[in-house]
Structures are given as C-alpha cells and as structure tokens.
Amino acid sequence: MAKSYDFKKIEKKWQNYWYNNSVFEVHEDLSKPKFYGLIEFPYPSGSGLHVGHVRAFSSIEVVSRKKRLEGFNVLFPIGYDAFGLPTENYAIKTKQHPRLVTDKNIANFTKQLKSLGFSFCWDRVVDTTQPDYYKWTQWIFLQLFKKNLAYKSTTLVNFCPSCNVVLANEESQQGVCDRCGTTVVQKEKDVWFLKIRDYAEKLLDGLNDVDFPERIKVEQQNWIGKSTGAIVTFPIEIGKEKLYVDVYTTRPDTIYGATFLVLAPEHPILKENIQKIQNFEEITDYQESALSKKEFDRIQMNKEKTGILVEGMKAINPITNQAIPVFTADYVMMDYGTGAIMGVPAHDQRDWDFAKKFGLPIIEVIKGDVDVQEEPYCAKDGVGVLVNSPLINGLNVPDAIKKIILEMQSLKVGYPKVDYKMKDWAFNRQRYWGEPIPIINCPKCGQVPMDEKDLPLELPHLEDFSPSDDALSPLAKCTEWVNTICPKCGGKATRETDTMPQWAGSSWYFLRYMSPKDNNYVVNPNAYKYWGQVDWYNGGMEHVTRHLIYSRFWNHFLYDIGVVTHKEPYRRRSMQGLILGADGEKMSKSLGNVVNPDDVIKEFGTDVLRTFILFIGDYEKPAPWSPDGIKGSDRFIKRLWNLQDYLVDNCDTSDVNLDAVIKKVSDDIEACKFNTAIAAVMEAVNGFYSRGKITINEYITVCKLIYPIAPHITSEIYHILTGEYIEKSDWPKFDPKKLIEDCIEIPIQILGKVRGKVTVEVNATEEEVINQVKELGLLDNKTIVKVIYVKNRIVNFIVK
RNA sequence: GCCGAAGUGGUGGAAUGGCAGACGCGACGGACUCAAAAUCCGUUGAGGGCAACCUCGUGCGGGUUCAAGUCCCGCCUUCGGCACCA
C-alpha cells in the first residue's frame with residue numbers, strides 16, 4: 001500500500017522546487033516556437049485572492065503547462081495593476097500611505113498565487129505603480145499628446161460626487177459609478193481626453209483579424225456604435241437674422257417627412273441667441289431642469305416626452321424649403337451627433353410620441369402597412385418605398401438615401417457622415433494614487449510636454465492625499481512639486497496636477513512583460529520581435545468595453561508610431577464565467593457566500609481546488625460553488641495517488657483506450673473544455689481500477705495528462721516512478737491507428753427507435769450489418785422498405 | 001425597446017443531425033469494520049411489467065428529416081450588455 005497522500009508536504013515541496021529553481025523562467029530562444037499566454041493581471045486589493053481569480057488564471061496556466069511539455073517556449077507572466085481608487089480609499093480610511101498598502105497587498109497576493117502553484121514567470125513581475133514602469137505609461141501619453149490624440153477640453157463630464165472624481169463613459173455605465181455605485185452627475189470640468197474615436201474604425205476593422213468569441217466582437221461593435229448617415233444643414237430664421245443648424249440623421253431619405261426640428265437643451269445656438277428668443281425664461285427653466293434631471297430621469301426610457309417650442313425661431317427644411325417649428329427637448333442628447341435632430345414622426349417612435357404630444361403634423365414618406373397617424377412605421381433595414389417625396393418617390397430606402405445625399409451635396413445643404421456612439425476617453429482623475437500627467441502648463445507657451453528624458457515624473461510623497469471638496473487633485477497642494485520651469489521658454493510654469501485613470505497602466509502591460517527591466521524602450525525591439533502578439537489572453541466579460549478596448553486602442557496607436565508591428569495586441573481571447581456562491585448568487589461579503597481559496601487549500605490542497613474549479617462546468621459559463629462537489633475532485637486526486645497499489649509490470653488487456661484519452665484531453669484543453677478533459681481522465685482512472693492493473697507507462701501517461709491541472713501530485717508520482725522531473729518530459733502522443741477499434745457496436749433503429757445493437761467490424765458493409773441484424777430476429781415478420789446505414793454509426797430500418 | 005447567451009434527471013453538467021443524461025455530487029444497496037469514517041464494488045430520468053421488454057421524456061407550439069437537445073418558424077422564461085444614439 002502506498003502511503004496516504006500528504007498534500008501539505010508534497011505541494012510545498014514542488015512549489016519550492018519550481019520557484020527556487022526558476023523552472024518557469026524563459027528567454028528568447030529562436031530554436032523553439034514561442035507561446036505567449038496572458039491573464040488579466042490582478043488588482044491587489046486588501047481582501048486578497050478570490051476563487052474567481054483562480055478560475056480566471058487556471059485556463060492559461062493549464063495551457064502553458066501543456067505547451068511547455070509540447071516544446072514551446074512559454075511566456076506566462078504575472079504582475080499587478082496597483083494604481084487606483086480602492087487602494088487610495090482604503091489608505092485614506094486606515095491612515096496609511098497607499099505605497100505601503102500596495103506593497104502589503106502585493107506581498108499577500110504573491111504568497112497566495114504561489115500557494116496555488118501557478119507557473120508564472122516570477123522574474124518578470126510588473127507593478128504599474130513603480131516609477132520604472134509608469135515612466136513608460138507617461139511616455140506613451142506624451143506620444144499621444146504629440147500626435148494630437150490627447151487634448152484638454154471643458155465639457156460636461158460624468159462625475160462621481162462620492163469619489164470626487166471624473167469618470168470615463170466606460171466607468172459610468174448605467175449612470176452609476178463603477179467603483180462605489182453612486183449615481184453619476186454631469187459636471188462641467190476641464191478634462192483630458194484621448195481621441196479613441198479617431199481609432200473607432202481601426203478598432204472595428206481589427207476585430208476581423210483576431211480570434212475572439214463572437215459575443216465579445218458584437219459587444220465591442222455595439223459599444224463603438226458605428227452609424228452611417230448624413231449631416232443636413234437647416235437654415236434657422238430668428239427675426240431677420242439667418243443662422244444654420246446641423247442635424248445628424250441616419251435616414252436622410254425621410255427628409256420630406258421632417259415636420260419639426262429639435263435642439264438638445266444644451267445646444268449652443270440656444271445659449272448664444274437666448275435674448276432673441278421670445279420665451280427665453282421658459283427655455284432657461286427647461287434647460288436647468290433638463291440638466292439636473294439628466295442624473296436620473298433622462299436615463300429612463302419610454303417616459304413622457306417633454307419639450308418647449310422655441311418661439312421666434314423657425315427652421316427651413318432645405319429640401320422642401322418649408323418652414324417648420326423649432327423645439328428644445330431633453331430626448332435629444334448634446335453628446336451624440338450634432339445635438340440637433342430633424343423630427344420625422346411618421347417613421348420614428350420618439351418623434352411620433354413628441355409630435356402627438358405637441359400636435360405636430362405627421363407625414364408618411366415610406367409606404368408601410370400601418371396608418372402613421374395611429375403608429376409610426378419604423379421598419380428595420382430600410383424596407384419600404386418612398387412616397388410624398390418628389391425627388392425620390394418610388395425608390396427603395398437604400399437607393400433613396402444615396403440619391404438624396406447626392407442632391408444635398410449639390411445643393412450644399414448636406415453631406416454623408418459616419419458617427420460613433422463611443423466617446424473620447426476621459427483621461428484624468430483628481431486623485432493622488434495614479435500616474436502624474438507629464439504636461440507643464442506655461443502661461444506663455446500653453447501646454448508643454450515634458451522632455452522624455454526627464455521621465456519618469458515621479459509621484460511626490462504626500463502625507464495628506466485625501467481629495468479636496470473643490471475637486472482638485474491632492475497634488476495641487478504640493479507646491480514644490482507643482483511649481484516648475486517651462487521646458488520650452490524656461491519661465492515659471494506649473495505641472496498638471498491630475499493623474500491618469502487606473503486603465504492607463506493596464507493598457508500596455510502585456511508589452512512590458514516582454515522586457516520588464518529595459519530602461520531604454522517601452523518594449524525592447526528584439527524581445528518584441530520574438531514574443532510579438534499575445535497568443536492567448538483570458539479575462540473577464542466585464543472588461544470587454546473597458547480594458548479590452550483601451551488596450552487595443554493603445555496598441556493600434558503604438559503600431560502607427562512604429563513601436564510594435566502587430567496592429568492587434570491579442571491573437572486569441574477567451575473568458576471565464578463567474579464563480580457564484582453556493583446559493584447561486586454572485587459572491588459578496590454582504591451575502592456571506594464568499595469562498596476563500598486559502599481555506600479550500602488548507603482543507604483539500606491546491607490540486608483539488610484547481611481540478612474542481614475547472615471541473616465545475618463549462619469554463620465560459622457562470623457556475624455555483626459546491627462544497628459537496630469538491631469532494632469528487634478530492635476523491636479523484638486520491639484515486640490517482642492510490643493507483644500506485646495497482647502497478648504491474650505488464651498487462652495485455654487493452655480495455656482502456658489511452659490513445660483516445662490523449663486525443664480528447666489534448667483537444668479539450670485547446671478548446672477551453674477543461675471539464676470534459678478532466679472527465680476523460682477520471683474515466684480512464686476508473687477503467688484502471690476496474691481492471692485492477694496499471695502499467696508504469698500507462699500511469700505516466702495519465703499523470704502527464706492531468707499534470708497541467710494538478711501539477712503537484714503528478715510531479716510527485718512521476719518522480720517516484722521515474723526519478724525524473726515531469727517538466728522535462730514530453731506531452732504524450734497518441735497513435736491515430738489506435739483511435740479506431742477493430743470492432744464497433746452500432747445501434748439498430750427500427751422506424752427511428754433503438755431496438756438493439758450489433759457488434760461489427762469497423763467499416764462493415766451494409767450487407768454484413770443487415771445479415772447480423774436478421775440473425776437477431778429483430779426483423780422477423782417485417783418487410784424492409786428502406787435501410788439507412790451510416791458506416792460505423794447507426795443503422796435504421798424502415799419497415800412495414 | 002435593441003443586441004447577445006442560455007433553458008437537459010434530485011443536483012453541477014455531457015452529447016461532429018445518429019444509442020440523451022458522459023463525468024461528478026447526492027441517494028440507495030453491498031464488501032471491509034466491534035462500530036463509524038475513509039476506501040472498494042454495484043444501482044440510480046419517470047411510469048408500467050415476474051420478466052425479456054414496453055411507453056413517455058432535453059422550456060412551450062408547429063415544421064424539416066429515415067433520424068432533432070442539436071436545423072427552421074412562432075412563442076415563453078432567465079441571465080448578461082446597451083439604451084430617448086436620431
């Protein structure tokens with residue numbers, strides 16, 4: 001009898017072996033194919049590692065361990081995305097410096113990750129808060145600034161009143177702060193933006209070149225929100241004065257049905273001409289209420305339309321030359337299109353609602369199957385034929401759009417225009433714990449970029465880093481840091497005091513891993529040449545419209561300035577489903593359903609945790625934690641160990657087809673189907689138990705197959721069996737010939753129902769099968785009408 | 001409202017259009033034990049029959065096919081994302 005498996009001792013033993021001997025360190029090696037596997041580096045929070053992290057990291061961990069045995073040179077790095085609000089808020093609350101908090105948290109994460117036995121390249125760890133790292137984050141910002149892709153502008157921004165901080169659109173989805181859940185308010189502020197919109201087209205195109213799950217692509221496409229339409233210029237008459245307002249529409253073909261014009265309450269033409277508007281008081285009130293409403297109600301849809309007629313303004317439809325009324329209404333948004341629309345009530349639900357409320361005429365211009373006085377006809381994909389539209393009558397919608405745009409262009413009243421829902425990226429935060437923005441404000445020269453050789457611009461050590469009520473960065477208080485000299489004119493100047501958002505450091509970290517210690521390059525060209533694209537990147541669905549878009553944007557930019565040679569940073573992307581609590585709810589402290597990986601490791605060991613977390617279900621789907629289910633993985637690991645009692649020198653029965661298992665496990669790991677890979681090995685182990693025998697070679701193969709998932713126990717067994725180290729062995733190969741059995745059992749269907757089975761030789765002819773079935777007597781007293789025989793699969797008899 | 005994913009035993013979940021329920025949990029039975037745990041070996045979708053077997057079964061309703069969990073059409077429900085985006 002083998003000694004019972006002491007996971008505490010043995011797991012520690014192998015972890016020491018791996019980490020003390022730098023088993024997973026890699027260097028560029030042209031003699032081997034490379035594999036760059038990446039997981040989203042964690043935010044080192046105070047609460048430590050979560051079982052969700054274990055699932056998220058396990059996929060690439062398993063793939064990496066397998067690829068190494070397959071002879072790949074594997075880069076599987078780890079680091080910490082450590083700037084940001086949670087640490088800063090925690091630091092303020094506990095009166096510790098964020099540097100201290102960060103270092104403590106990183107130390108804790110490192111310890112936990114090592115106790116999980118992950119095969120990270122520990123010599124390449126990056127920490128986004130270290131000056132030698134953020135030097136390059138700042139460097140990239142300077143390149144963006146120099147290419148006019150970073151600009152400062154005063155706008156209404158999403159502002160979190162609780163965190164006292166400006167949020168990017170991506171951080172305030174659903175109108176609440178990503179971090180604290182407080183409802184976001186609109187505030188006018190000086191804001192740094194990165195022109196991600198300039199990259200919208202490249203980000204869309206790039207999706208064709210990458211192996212991402214379809215739903216990620218769709219989600220990114222929707223987020224970018226490309227629409228094709230036209231700008232149409234409407235003359236506006238105020239008394240004798242004539243102004244022009246641009247309207248954006250995706251349906252210029254419906255212009256004959258435009259019976260009113262609506263301006264967003266914030267539209268500048270209202271502000272600029274307020275004294276000429278007869279009912280300006282009413283308008284001003286409405287603007288104010290719209291602004292404050294934006295927080296709550298403007299987010300709600302399908303609410304009652306409101307709006308005010310702008311008295312004294314008239315718009316002229318540039319195609320019909322007819323005068324139409326001008327309104328302001330909060331259903332028109334200033335930050336999309338031009339902030340002004342032409343109202344076509346017959347063919348747009350919102351315009352229809354508005355027209356009904358204000359008694360405006362509804363003119364049908366697309367023939368549909370409804371009475372547009374009763375409901376709008378909003379057929380998708382331009383179904384229908386134009387009516388009541390002299391220039392384009394009788395045309396279908398796509399043709400009508402083409403023709404009317406040409407007409408507008410020749411009249412100089414409109415032109416085609418592509419627009420995107422995605423906004424530019426609000427890039428500054430009034431917070432301490434972030435990368436300082438390396439820009440100097442000079443009274444003479446304006447915004448001056450720092451000299452690159454002066455980077456990094458280090459974050460000064462502050463004792464008081466709490467945010468002030470005036471929404472100024474804590475850095476503003478540090479005058480000896482703020483006051484500086486203009487690099488251009490040498491005069492007195494001040495530093496930008498806002499810092500970068502947390503997403504900055506994570507937008508390029510995958511490049512830093514290739515040459516983490518290089519002081520001369522953002523990424524060393526030789527290292528880049530070797531490692532290139534990330535081959536496989538796993539992460540969470542929640543980052544699809546944040547980190548994944550931002551980092552693709554930065555990489556495209558770095559491509560454009562010649563720093564990298566792949567447009568797309570990630571060749572393949574996969575994502576893990578959430579681990580839910582045992583109650584099926586999302587794990588949260590308040591529900592008390594959080595599972596701490598440390599506790600599980602203490603009770604069952606790392607191999608059991610790793611096996612279970614991958615066995616729990618489809619990798620991409622959410623799965624509830626099961627305190628009972630893990631017992632199954634525990635039993636499996638023990639059974640694997642106890643196979644030592646069944647070892648024989650040789651065994652001629654071949655009732656376990658290990659070749660098929662090798663194929664299945666190899667394929668399944670590549671396809672992220674870890675649950676069925678594990679099931680296949682379990683089945684094999686069960687097979688050896690019922691046979692009561694296992695040979696050394698079989699045992700070695702089983703160990704190798706499950707090694708990527710449970711590396712500790714398999715390292716130990718392998719070492720016991722061979723005296724060697726499993727890391728130095730090869731991934732098992734299968735013999736394709738052995739995948740095909742000599743004889744095969746095929747089901748017999750009669751009228752589509754299974755009535756029996758026959759065992760025949762592989763590739764048996766239809767005749768042979770029919771003869772065998774007849775011998776069974778299943779077809780007695782029946783007349784065969786038709787036989788469907790699918791070789792090696794099934795036979796179906798249609799009988800009378 | 002729009003976009004996307006999904007609905008299979010008591011339970012987590014498997015199934016290139018070809019034997020539905022692999023593998024695991026739980027439950028039941030047996031071996032071992034003074035006993036229990038652990039371990040090992042069975043049984044386990046529902047209903048019927050002494051039985052060999054039969055009938056019904058993948059959210060609901062239709063359809064295509066020799067054959068449908070899988071494909072098509074129409075619904076229902078749940079979850080995720082976007083949302084007065086012109």
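What you see below is based on every heavy atom in this structure, not just the backbone, and it leaves out hydrogens, waters and symmetry mates. Proteins get letters first, then strands, A, B, ... in listed order; numbering begins at 1 in each.
Taking only distance into account, the side chain of A/N796 meets the base of B/C66 through a donor-acceptor pair shorter than 3.5 Å. Donor-acceptor pairing under 3.5 Å, judged by distance alone, is absent between the side chain of A/K631 and the base of B/C25.
Side-chain proximity of A/I794 to B/C40, B/C19, B/A86: nearest is B/C19.
A/S626 comes within 4.0 angstrom of nothing in the nucleic acid, heavy atoms only. Residue contacts shown for A/K753 are limited to sugar-phosphate atoms, with no base heavy atom under 4.0 Å away. No contact: A/D419 has no heavy atom under 4.0 Å from any strand.
Partner assigned to B/A52 is none, using Watson-Crick or G-U wobble distances below 3.5 angstrom. Under the Watson-Crick or G-U wobble criterion, with both distances below 3.5 Å, B/U39 is paired with B/A31.
For A/N222, no side-chain nitrogen or oxygen approaches OP1 or OP2 of B/C85 to under 4.0 Å. Contact check, A/R635 against B/G26: a side-chain N or O comes under 4.0 Å of OP1 or OP2.
B/C84 and B/G74 are spaced 30 Å apart, taking the C1' atom of each and rounding to whole Å.
Checked against salt bridge (charged side-chain N to carboxylate O under 4.0 Å, His left out), A/K356 has no partners two or more places apart in sequence or in another chain.
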Note to self: How would you summarise protein contacts on nucleotides 7-17 of chain B per nucleotide, using B for base, S for sugar-phosphate only and - for none, with heavy-atom distances below 4.0 Å?
What the structure shows: -----BSSSB-
